[in-house]
**Q** 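Next up is a structure, given as structure tokens.
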There are 2 protein chains.
Amino acid sequence: MLIGGVYLECHGALNSIHESPLVRKLRAFVALSGPELDVLLRLHQRRRTFAAGHAFLHQGHSQRSAFILASGWVCSYKTLPSGSRQIVDFQVPGDFLGLRSVLLQTSDHFIEAVTRVEVSEVLPEELLDAFTETPRLAAAVLWAASRDEAMVVEHLIDIGRRSAEERVAHFLLEMGFRLSLVGLGDKAGYACPLSQFHLADALGLSAVHVNRVLRKLREDGMVTFRGGKVTFDNFEKLVAFADFDMAYLDQERPLLK
Amino acid sequence: MLIGGVYLECHGALNSIHESPLVRKLRAFVALSGPELDVLLRLHQRRRTFAAGHAFLHQGHSQRSAFILASGWVCSYKTLPSGSRQIVDFQVPGDFLGLRSVLLQTSDHFIEAVTRVEVSEVLPEELLDAFTETPRLAAAVLWAASRDEAMVVEHLIDIGRRSAEERVAHFLLEMGFRLSLVGLGDKAGYACPLSQFHLADALGLSAVHVNRVLRKLREDGMVTFRGGKVTFDNFEKLVAFADFDMAYLDQERPLLK
DNA sequence: CGGGCGCTTGATAGGCCTCAACGTAAGTGG
DNA sequence: CCACTTACGTTGAGGCCTATCAAGCGCCCG
């Protein structure tokens with residue numbers, strides 16, 4: 001997809017475990033020891049690539065693998081008989097995919113690549129071995145997974161009780177914050193490969209209305225969504241307008257010493 | 001609250017572990033052995049009662065305990081600065097409360113008693129001990145917790161992509177199905193202590209509109225919500241109308257042998 | 001008996017959807 | 001190199017769905 005060529009990717013093999021977005025994210029929560037880094041490196045062995053638009057996990061399938069997202073964006077969604085779809089969440093580099101469907105054996109939604117993506121496939125045994133071998137690592141991963149679930153809840157509130165403008169503003173901030181955890185964004189903005197249709201499907205709006213709302217937010221000098229980039233024109237104003245609470249994402253000190 | 005007196009409660013001490021709604025629910029997933037029942041009994045020791053309307057878990061607090069809900073309904077919600085609130089989920093007898101906030105240490109929402117409730121308080125050590133002692137039990141509990149999370153996702157779709165009528169219909173069916181797992185409801189209906197305001201806050205609607213929608217559903221002969229009771233006047237028609245998928249809740253055979 | 005809470009119903013307003021047309025940019029094949 | 005295609009973005013008109021405001025009813029309880 002690569003809109004306008006501004007979309008960042010990290011090509012090639014993983015030269016060092018320190019390049020992994022997952023490692024970068026986990027380090028914000030827990031200081032990782034040498035053996036723990038070794039285990040993480042082991043989990044990154046089986047690299048795979050999927051083309052943009054490819055759905056690689058299907059509703060109802062008993063999925064045998066989990067994936068660590070190395071580069072690119074994916075989305076998980078459900079469809080309704082009316083034909084419309086609801087995007088439940090987006091995943092960005094450093095996120096786990098299908099963690100729950102390994103630990104338990106339900107895949108109740110689709111997962112589709114938004115851009116071309118690179119993932120590391122993790123077999124169930126490998127994951128369980130890694131967790132028993134390094135419990136602290138398991139705690140850190142589950143902590144991150146739980147934070148993702150907290151965001152699904154926040155997403156629900158977004159849709160249930162906020163106006164269209166607030167929804168869009170809140171969503172753009174949230175994605176920015178998640179990306180900043182893996183070094184792919186800051187208070188100035190970030191590269192975003194999503195179309196206005198993606199926003200619409202995620203926020204329960206029509207694409208037409210998303211377009212109008214984006215124009216309004218741009219004209220109000222808060223945020224610009226254009227050409228595959230999100231630019232925060234006035235970060236503080238946007239945070240106030242969207243009632244964005246960074247507390248539930250902000251983890252200053254490592255969780256475990 | 002006890003609307004109309006029809007609301008069912010199980011009073012008094014737990015005479016037998018078999019009376020526990022949690023045991024009843026877990027049994028649908030896994031055949032429980034004697035030792036496992038003993039462990040469950042141990043978790044039920046510390047009984048507590050909360051009055052209707054009492055909020056016993058607060059946003060931001062570091063909660064030290066989990067609870068097993070024995071009787072009554074509770075709801076978990078978040079509030080917005082505008083004053084409105086979004087109910088994320090309801091819990092009914094047999095559900096765990098605050099499981100995540102024990103395993104990890106975040107409580108990002110409120111939990112409030114809808115009716116007078118009876119709970120068993122479970123200390124973190126007790127829970128972790130029980131899980132290491134009987135891993136199959138841990139799997140069953142996590143399975144149930146995962147099913148609850150799947151319902152939050154379904155709830156999100158409810159709000160994002162369904163009309164008000166479909167939302168209400170889908171919600172009433174979902175609660176009915178959850179209650180049937182613990183023997184508190186069937187295809188005829190169930191006792192429901194919720195007010196129309198509760199429905200509104202859960203479904204992202206105004207109470208006034210909920211009222212109109214309920215009238216419509218009643219006049220169309222599908223479901224009656226009145227006097228603390230939900231009556232399915234035409235179960236099949238309602239399921240079809242709401243596009244209710246029982247697959248993700250329906251667990252015919254036990255998960256583990 | 002008065003007051004509060006929940007339910008009910010009507011009138012009005014507005015947010016968001018749908019339909020529709022057009023612009024722009026990138027990819028494709030002759 | 002250009003016509004064609006496709007995808008995404010933009011803008012307008014009209015209308016439905018749902019919120020808001022407001023008033024009244026019934027019931028329970030102090």
Side-chain angles (χ1 to χ4, degrees), chain A residues 1-7 51-53 73 75 80 82-86 112 114-116 158-169 171 192-219 223-231, chain B residues 1-7 51-53 80 82-86 114-116 158-169 171 192-219 223-230:
Chain A
M1 190 155 290
L2 278 174
I3 300 169
V6 300
Y7 184 63
W73 290 37
C75 67
L80 279 87
S82 63
S84 64
R85 73 170 179 176
Q86 174 69 47
E112 179 183 300
V114 173
T115 65
R116 191 174 75 84
D158 216 25
I159 291 177
R161 285 295 178 205
R162 283 192 248 259
S163 70
E165 273 186 70
E166 288 168 330
R167 278 185 229 184
V168 173
F171 174 83
C192 174
L194 303 180
S195 70
Q196 295 183 358
F197 286 87
H198 283 120
L199 292 189
D201 283 342
L203 298 173
L205 298 169
S206 70
V208 172
H209 200 59
V210 165
N211 181 281
R212 286 188 234 276
V213 166
L214 287 174
R215 171 156 58 115
K216 183 72 162 47
L217 291 174
R218 189 181 344 117
E219 288 172 355
V223 62
T224 302
F225 179 97
R226 178 164 276 174
K229 277 191 301 188
V230 171
T231 309
Chain B
M1 189 154 292
L2 277 172
I3 298 169
V6 298
Y7 184 64
L80 280 88
S82 62
S84 65
R85 74 170 179 176
Q86 174 68 46
V114 173
T115 65
R116 190 174 77 82
D158 217 24
I159 292 178
R161 285 291 177 210
R162 283 192 248 259
S163 71
E165 272 185 74
E166 289 167 330
R167 279 185 228 184
V168 172
F171 174 82
C192 174
L194 303 179
S195 70
Q196 295 183 358
F197 285 88
H198 283 120
L199 292 188
D201 283 342
L203 299 173
L205 299 169
S206 72
V208 172
H209 199 59
V210 165
N211 182 281
R212 285 188 233 276
V213 167
L214 287 173
R215 173 156 55 115
K216 182 73 162 47
L217 291 174
R218 187 179 346 115
E219 288 171 356
V223 62
T224 303
F225 179 96
R226 179 164 275 174
K229 276 193 300 190
V230 171

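Heavy-atom basis, side chains included; hydrogens, waters and symmetry copies ignored. By convention in this document, chain letters (A, B, ...) are assigned in the order of the sequence lines, proteins followed by strands, and residues within each chain are numbered from 1.
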**Q** What's the closest nucleotide to the A:Q196 side chain, out of C:dT8, C:dG6, D:dT10?
**A**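 The nucleotide sitting nearest to the side chain is D:dT10.
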**Q** Nearest of C:dG6, C:dT9, D:dT11 to any side-chain atom of B:R215?
**A**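 It is C:dT9.
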**Q** Atom CG of B:L214 and atom NE2 of B:H209: how far apart are they, to the nearest 0.5 Å?
**A**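 So the CG of B:L214 and the NE2 of B:H209 are separated by 10.5 Å.
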**Q** Enter the distance from A:R161:CZ to B:L205:CG here, rounded to the nearest 0.5 Å.
**A**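 If I round to the nearest 0.5 Å, the distance is 7.0 Å.
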**Q** Nearest-Å distance, CZ (A:R162) to C1' (C:dG15)?
**A**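 The distance from CZ of A:R162 to C1' of C:dG15 comes to 18 Å, rounded to the nearest Å.
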**Q** Whole-Å distance between C:dC17 P and A:L199 CG?
**A**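 Between P of C:dC17 and CG of A:L199: 13 Å.
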**Q** What is the distance from CG of B:L214 to P of C:dC7, rounded to the nearest Å?
**A**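 Taking atom P of C:dC7 as the reference, CG of B:L214 is at 9 Å.
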**Q** Taking the nucleotide of DNA chain D with the nearest heavy atom to each, does A:R161 or A:F225 sit closer to the 5' end?
**A**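 Checking each residue's closest nucleotide, the 5'-ward one belongs to A:F225.
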**Q** A:L194 versus A:F171: any side-chain heavy-atom pair under 4.5 Å?
**A**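 Of all side-chain heavy-atom pairs linking A:F171 with A:L194, at least one is under 4.5 Å.
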**Q** Do B:R218 side-chain atoms and B:V213 backbone N/O form a donor-acceptor pair below 3.5 Å?
**A**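 Answer holds: no.
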**Q** Measuring from the side chain of B:L205 (C-beta onward, heavy atoms only), which nucleotide among D:dA19, C:dC17, D:dC8 has the closest atom?
**A**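 The answer is D:dA19.
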**Q** Using a cut-off of under 3.5 Å, enumerate the N/O to N/O pairs linking the protein to nucleotides 20-23 of chain D.
**A**
residue: D:dT20; atom: O4; partner: B:R212; partner atom: NH2; Å: 3.3

**Q** Roughly, in whole Å, what's the span from CG in B:L194 to C1' in C:dG6?
**A**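 Roughly 13 Å, once rounded to whole Å.
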**Q** Please enumerate all residues that pass side chain to side chain contact (heavy atoms under 4.5 Å, CB included) together with A:A51, with sequence neighbours excluded.
**A**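 Partners of A:A51 by the side chain to side chain contact (heavy atoms under 4.5 Å, CB included) criterion come out as none, since no residue qualifies.
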**Q** For C:dT24, take OP1 and OP2 only and decide whether either is under 4.0 Å from a side-chain N or O of A:R226.
**A**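 No, no such contact exists.
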**Q** Within this structure, what is the OG-CG distance for the pair A:S206 and A:L199, rounded to the nearest 0.5 Å?
**A**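 These two atoms lie 12.0 Å from each other.
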**Q** Keeping the roles fixed (side chain from A:R162, backbone from A:R167), state whether a donor-acceptor pair exists under 3.5 Å.
**A**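 Judged by distance alone, no pair lies under 3.5 Å.
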**Q** For D:dG9 and A:N211 - does any side-chain N or O of the residue sit under 4.0 Å from the phosphate oxygens OP1/OP2?
**A**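 Answer is no, no contact under 4.0 Å.
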**Q** Quickly work out the A:K216 NZ to D:dT10 P distance and round it to whole Å.
**A**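 So the NZ-P distance, A:K216 to D:dT10, works out to 16 Å.
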**Q** Whole Å only: how far is the CD1 atom of B:I159 from the P atom of D:dT18?
**A**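 Taking CD1 of B:I159 and P of D:dT18, I get 13 Å after rounding.
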**Q** NA contact type, A:R167, heavy-atom cut-off 4.0 Å: base, sugar-phosphate, or nothing?
**A**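 Since no nucleic acid heavy atom lies under 4.0 Å of A:R167, the category is nothing.
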**Q** How many whole angstroms separate atom CZ of B:F197 from atom C1' of D:dA19?
**A**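 Atom CZ in B:F197 sits about 14 Å away from atom C1' in D:dA19.
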**Q** Out of D:dT18, D:dG9, C:dT8, which nucleotide sits closest to the side chain of B:R218?
**A**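 Closest of the options to the side chain of B:R218: C:dT8.
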**Q** Can you tell me how far C1' of D:dG9 sits from NE2 of A:H198, to the nearest Å?
**A**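 In whole Å, D:dG9 C1' and A:H198 NE2 are 15 Å from each other.
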